[in-house]
Amino acid sequence: MFKKLDRNGDGVIDEKEIESARDAIMDRADAAQARLGNRWRRLDTNGDGKVSDQEFASSMPLFDLADRNGDGKLSADEIASVRKLIAERAN
């Protein structure tokens, strides 16, 4: 953990490095929040603001896992990530 925080490798963690880590955490949290909202809206297929057990059961969890940015589409990078994961698991 120390090495990850000590971005410039000078053997100490300074305020700038902590601020950088804090920004990275906030960026990831914002992205996760957006993905969750997008996925929830996709689950709510009838648009009533609620997700029923039937809507949930008919969801596509594997697609949702592959759609890392939650935009409802699979980019070339997202497909490559899935292929890499499958190849690693096969070996």
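The figures here come from the full heavy-atom set of this structure, side chains too, leaving out hydrogens, waters and symmetry mates.
Scored by the side chain to side chain donor-acceptor pair (under 3.5 Å) test, T45 finds E55 as partners (sequence neighbours excluded). For R7, there are no side chain to side chain donor-acceptor pair (under 3.5 Å) partners, not counting sequence neighbours.
When every heavy atom of N46 is checked against every heavy atom of K50, the shortest pair comes out as OD1-O, 4.4 Å. Considering every non-hydrogen atom in both D44 and V51, the closest pair reads N-CG2, 4.0 Å. Among all heavy-atom pairs drawn from D6 and G11, the shortest one is OD2-N, 2.8 Å. When every heavy atom of E78 is checked against every heavy atom of K73, the shortest pair comes out as OE1-O, 3.0 Å.
Ion pairing of R22 with E19 is present here, as a side-chain N (NZ or NE/NH1/NH2) and a carboxylate O approach within less than 4.0 Å.
Within a 6.0 Å sphere centred on CZ of R42, other residues, nucleotides and ligands contribute more than 12 heavy atoms. Other residues, nucleotides and ligands contribute at most 12 non-hydrogen atoms within 6.0 Å of the CD atom of Q54.
In this structure, CG in N8 is found 6.0 Å from CG in D14, a value given to the nearest 0.5 Å. Distance CD1/I13 to NZ/K3: 12.5 Å, rounded to 0.5 Å.
Under a hydrophobic clustering in which Ile, Leu, Val, Met, Phe, Trp and Tyr are joined whenever their side-chain heavy atoms come within less than 4.5 Å, directly or via other members, I18 and M1 fall into the same cluster.
S20 places no side-chain N or O within donor-acceptor distance of the main-chain N or O of K16, the cut-off being under 3.5 Å.
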Original post:
Hey, mind stepping through I86 and R89 against side-chain contact (heavy atoms from CB on, under 4.5 Å) and telling me if it holds?
Top reply: CA-CA 5 Å; I86 291 170; R89 299 286 176 164; 5.8 Å; no
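Within the 4.5 Å cutoff, side-chain heavy atoms of L74 are placed close to those of D67.
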